[in-house]
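Below: the structure, in structure tokens.
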Amino acid sequence: MSDLALLQTVRLKGRVARAELTGPVDDCVATGLLVDAPMVRLTDAGRTRLAELLADERATVDRAAADRVYERFLVVNGGVKPLISQWQLTRDSAGPDEVTAVLDRLEDLHRQAVPVIAAASDLVARLGSYADRLDAALRRARDGDMSWLTRPMVDSYHTVWFELHEELIGLAGRTRATEAESGSGG
């Protein structure tokens, strides 16, 4: 894991158990980019360095291609976001038929997302890991643990989807604020 991937992981999650991290953790702590604690987090210097690394990465990416990938993502997001929201509202009263219907719909959306993630990975290789992470969360839910759809603080489908969305917003040179204003964030 590169400095960029490590710092971005910590930024997206807010705090990460040190034991869950790989890569140059000790180097990033020694240079003051990460706070050394059981739950690692970015320092101000780490946020600054991450912004520089992300800007450097974006400078190597075809902006039009990044926009196309992001627009394709938004189409799938238009199905994932309401499905997850509806599940969060109804999960406590959902019967087996509703659970099956949610998983079937999510699998369909997941199949649509895979080529979008592959296209993003063609632009920035480190984004390819999102497909595996989403697969794992979906598999756990399909195996009977529906908490893997929306469980916070783990790689649940919703958590990983949110992180991917954040990555693609940044890759396209946008921000959450501009996305909220345009109505395409979420």
Side-chain angles (χ1 to χ4, degrees), residues 1-23 25 39-42 50 53-54 57-58 61 66 69-91 94 99 101-172 174-176 179-180 184-186:
M1 182 179 281
S2 67
D3 282 4
L4 170 57
L6 173 62
L7 296 174
Q8 181 70 328
T9 296
V10 174
R11 181 190 77 83
L12 290 171
K13 294 184 179 300
R15 295 171 190 246
V16 183
R18 186 180 174 118
E20 294 176 19
L21 294 172
T22 60
V25 177
M39 294 299 287
V40 175
R41 61 185 165 74
L42 289 174
L50 176 59
L53 292 169
L54 287 170
E57 180 181 72
R58 274 192 303 277
V61 174
V69 167
Y70 185 61
E71 293 301 324
R72 288 175 58 199
F73 172 84
L74 288 177
V75 170
V76 182
N77 189 53
V80 170
K81 185 178 172 185
L83 180 68
I84 294 293
S85 295
Q86 183 63 31
W87 173 252
Q88 288 173 317
L89 294 172
T90 62
R91 66 180 164 217
V99 168
V102 165
L103 288 172
D104 289 348
R105 180 67 183 131
L106 187 59
E107 282 184 355
D108 179 54
L109 291 163
H110 181 76
R111 279 189 293 275
Q112 294 174 45
V114 168
V116 176
I117 297 168
S121 179
D122 287 344
L123 298 174
V124 175
R126 68 182 178 80
L127 299 181
S129 67
Y130 282 95
D132 294 336
R133 292 172 62 204
L134 289 167
D135 284 341
L138 185 56
R139 188 172 43 258
R140 285 182 155 166
R142 207 28 120 172
D143 288 345
D145 188 351
M146 290 298 285
S147 69
W148 283 92
L149 285 186
T150 59
R151 187 173 161 197
M153 305 306 291
V154 298
D155 269 1
S156 69
Y157 205 92
H158 182 249
T159 299
V160 176
W161 189 264
F162 175 83
E163 291 174 12
L164 175 61
H165 193 175
E166 289 293 308
E167 292 272 21
L168 295 176
I169 287 171
L171 188 63
R174 302 174 190 200
T175 65
R176 271 284 173 187
E179 289 304 284
S184 60

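In this chain, numbering begins with 1 at the start of the sequence shown.
- Between Leu74 and Leu168, the closest side-chain pair of non-hydrogen atoms is not below 4.5 Å.
- Inter-residue side-chain proximity for Thr90 and Val102 is flagged as unmet; no heavy-atom pair is nearer than 4.5 Å.
- Scored by the side-chain hydrogen bond (donor to acceptor under 3.5 Å, both in side chains) test, Arg58 finds no partners at all (sequence neighbours excluded).
- Residues passing the side chain to side chain contact (heavy atoms under 4.5 Å, CB included) test with Arg18, sequence neighbours excluded: Val25, Asp26, Val29, Asp36, Val40.
- Here the side chains of Ile84 and Trp161 are not in contact, with every heavy-atom distance at 4.5 Å or above.
- Looking at Ser121, its side chain never comes within 3.5 Å of a backbone N or O of Ile117 through a donor-acceptor pair.
- Among residues two or more places apart in sequence or in another chain, the side chain to side chain contact (heavy atoms under 4.5 Å, CB included) test is passed with Thr159 by Ser156, Glu163.
- Within the structure, the ring pair (Phe, Tyr, Trp, His ring centres under 6.0 Å) test picks out no pair touching residues 124-153 (sequence neighbours left out).
- With sequence neighbours left out, the side chain to side chain contact (heavy atoms under 4.5 Å, CB included) criterion links Arg139 to Asp135, Ala136, Asp143.
- Side-chain contact check for Trp87 versus Leu106: every heavy-atom pair is 4.5 Å or farther apart.
- Here the straight-line distance linking atom NZ of Lys13 with atom CZ of Arg15 works out to 14.5 Å at 0.5 Å rounding.
- Ile169 contributes atom CD1, which lies 5.0 Å from atom CD of Glu166 (distance to the nearest 0.5 angstrom).
- Note that CG of Leu171 and CG of Leu54 are 9.5 Å apart. Values are rounded to the nearest 0.5 Å.
- By the side-chain hydrogen bond (donor to acceptor under 3.5 Å, both in side chains) test, Ser147 pairs with Asp145, sequence neighbours left out.
- Taking every heavy atom of both residues into account, Asn77 and Pro82 meet most closely at O-CD, 3.9 Å.
- Not counting sequence neighbours, the partners of Glu107 by the side-chain hydrogen bond (donor to acceptor under 3.5 Å, both in side chains) test are Arg142.
- Between Gln112 and Val116, the closest side-chain pair of non-hydrogen atoms is not below 4.5 Å.
- Note that the NZ atom of Lys81 and the NE2 atom of His165 stand 8.0 Å from one another [nearest 0.5 Å].
- For the pair Leu12/Phe162, no side-chain contact is recorded, criterion being any heavy-atom separation below 4.5 Å from C-beta on.
- Applying the salt bridge (charged side-chain N to carboxylate O under 4.0 Å, His left out) definition to pairs two or more places apart or across chains, those involving residues 114-131 are Glu57-Arg126, Arg126-Glu167.
- Between Leu138 atom CG and His110 atom NE2 the span is 5.5 Å, to the nearest 0.5 Å.
- In terms of heavy atoms, Val69 sits closest to Ala119 at CG2-CB, 3.8 Å.
- Residues that satisfy the side chain to side chain contact (heavy atoms under 4.5 Å, CB included) test with Ala137, not counting sequence neighbours, are Tyr157.
- Considering only heavy atoms from C-beta on, Leu149 stays 4.5 Å or farther from Arg91 through its side chain.
- Arg11 is linked by a side-chain hydrogen bond (donor to acceptor under 3.5 Å, both in side chains) to Gln8, counting only residues two or more places apart in sequence or in another chain.
- The shortest non-hydrogen separation linking Leu134 to Leu164 is CD1-CD2, 4.3 Å.
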